[in-house]
Amino acid sequence: MDSPTIALLLLLLLAFAASLPATEAAASGRPSEKAARRIPTTLDGPFRPVTRRLDPSLRRGSDDLPIDHPRLARKVRPPFPEQIALAASYSPSSIWVSWITGYAQIGTNVTPADPSTVASEVWYGEESGKYSFLERGTATVYSQLYPFKGLLNYTSGVIHHVRLQGLKTATRYYYKCGDSSLMALSKEHSFVTLPSCGPRYPHRIAVIGDLGLTSNSTTTIDHLSKNDPSMILMVGDLSYANQYLTTGGKGAPCFSCAFPDAPIRETYQPRWDAWGRFMEPVISRIPMMVIEGNHEIEPQVDGMTFKSYLARFAVPSQECGSNSNFYYSFNAGGVHFIMLGAYVDYNMTGAQYAWLRTDLHQVNRQVTPWVVAAWHPPWYNSYSSHYQEFECMRQEMEGLLYDYGVDIVFSGHVHAYERMNRVFNYTLDPCGPVYITVGDGGNIEKVDVDFADDIGKCPSESDNIPEYGGVCHLNFTSGPAKGKFCWETQPEWSAFRESSFGHGILEVINSTYALWTWHRNQDAYKESRKGDQIYIVRQPGLCLMKSGKISY
């Protein structure tokens, strides 16, 4: 073939590639040229740090919804199910269905319900109105106890968890849950199972943190629903029930200012039931994966903690070998998700670290190319709030995540948005994960607006003490902040930060490209006004072989 013919063929191929829609071009290993011109990629970085401060026309937050708000109201009477929720299992061929029956009790003397009095059944099938399969599960109750004068105790309704197994992947199923012997099954709901491992990926993954139950929270959930995700990552601090006295009343606007006279920090558990009703329209059809935050600690008598979190949420801890609901992993198509616990032992000598090392080692990156991790408090954070709070956890675990090529890390805790340049050990590194903070769901504690590099806003080293673990605050040893506790300008590892409420959507396109979009609440869903958007690009040839631990 002569040179002019070859040149003509190349021109025709380039013209054909340019005509592909974004999805087809992405399947070929890259976004379309048009999309690439609009949206930056991590290959363009590291980026010069950018800050967008709170719009002065907006309030920093809003009040909690009252407990009698229509979105929080009970919709059915016992023994019919309510607070129906889905959660992914370790394998896309199974899924958890959870719900609550009966009435919760609150008072000085409460008597727990008997879980054996009502069955835990899920009837399901691939055709609406025809339920060919039946699966049974387990039921439990929990109590939150405060045996002190003036404080009220709580015991839950019956909480049911059923695991459906042997499902077809990427398939719609229709289901009812409840107790057929009592003629108390729910109305029909449906869900689509996640895709199997390999070249397929979830449609969209929504990421939310620090949600709460305010008017801002409702905007976040309404906006998220319009973005049509196939799965939700909830990175801690869910209901903010611990912002209330046991007698209810108006929620406290900050964590530290509530309950100065209580002998133990109270928590008003009916807010959990309200949160379950608030979320049911979304999570009865879309699986939601949770990890604990500090607002889930909820201490009570005898040192008991996390009772509501442990009882209310099904997670695939046994399926993935962790045997702890505080940390676990699961697969969704070609993505391996790791949910880590910041409020249990994370030291190198502990059980969580040992499990994490085994879990990472077992990931086959040819089958699940992407590894996404999530936990509640961020390691990289340039806001004054929670600055260097979990530095101990970073020092213990960061090297392991780096060695195994974790691609993206999501956290919450800071009530604002921040995306980092790729970083490792506070140094720009093309093989470090992309760390993203999305603690901006809309809770009552309001959006964070102060940055640690603002004049007079650098916390003291005695501030930001974690609820769990030690204190490892440090001064930087190199770069523009050498010898200092805080940078005097936005750190080079902080690519973009904004004090606004919102949520994120991750769209994994193929084994190397994923589109991350952060939506501000005030964007009114307009496609032209994304808060932040970038293609996150993996470079396995550059990064995964360097440690000698990765088989690829």
Could you tell me whether Y124 and F133 have their ring centroids closer than 6.0 angstrom?
yes

Between Y240, Y146, Y154, which is the residue that forms a side-chain contact (heavy atoms from CB on, under 4.5 Å) with T267?
Y146

Please find out if less than 6.0 Å separates the ring center of F410 from that of W516.
yes

Side chains of H386 and N381, donor plus acceptor under 3.5 Å
no

Answer with yes or no whether the side chains of W355 and N323 bring together a donor and an acceptor at under 3.5 Å.
no

Taking only residues two or more places apart in sequence, or in another chain, which ones meet Y346 in a ring pair (Phe, Tyr, Trp, His ring centres under 6.0 Å)?
none

Is it the case that the side chains of R312 and S98 hold a donor-acceptor pair, with the cut-off being a distance below 3.5 Å and no angle test?
no

Is it the case that the ring center of F191 lies less than 6.0 angstrom away from the ring center of Y175?
yes

Decide if the gap between the ring center of Y343 and the ring center of F390 is smaller than 6.0 angstrom.
yes

Should the ring pair H160 and W99 be called parallel, tilted or perpendicular, given that the plane angle runs from 0 to 90° and is split at 30 and 60?
parallel

Ring geometry between F326 and F306 (parallel below 30°, tilted from 30 to 60°, perpendicular above 60°):
perpendicular

For Y353 and N347, which I'm curious about, is there any donor-acceptor pair between the side chains at under 3.5 Å?
no

Sequence neighbours left out, what pairs pass ring pair (Phe, Tyr, Trp, His ring centres under 6.0 Å) with at least one residue falling in residues 70-90?
none

Does the distance from a Lys or Arg side-chain N to an Asp or Glu carboxylate O, for E126 and R172, drop under 4.0 Å?
no

Counting distance only, does the side-chain N/O of S239 pair as donor-acceptor with the main-chain N or O of A241 below 3.5 Å?
yes

Fit a plane to each ring of W275 and W272, take the angle between them on a 0 to 90° scale, and name the class: parallel (under 30°), tilted (30 to 60°) or perpendicular (over 60°).
perpendicular

Can we call the ring centroids of H295 and F255 under 6.0 Å apart?
yes

Pair Q144, S308: side-chain N/O donor-acceptor within cut-off below 3.5 Å:
no

Can you find a heavy atom in the side chain of I436 that is under 4.5 Å from one in the side chain of V438?
yes

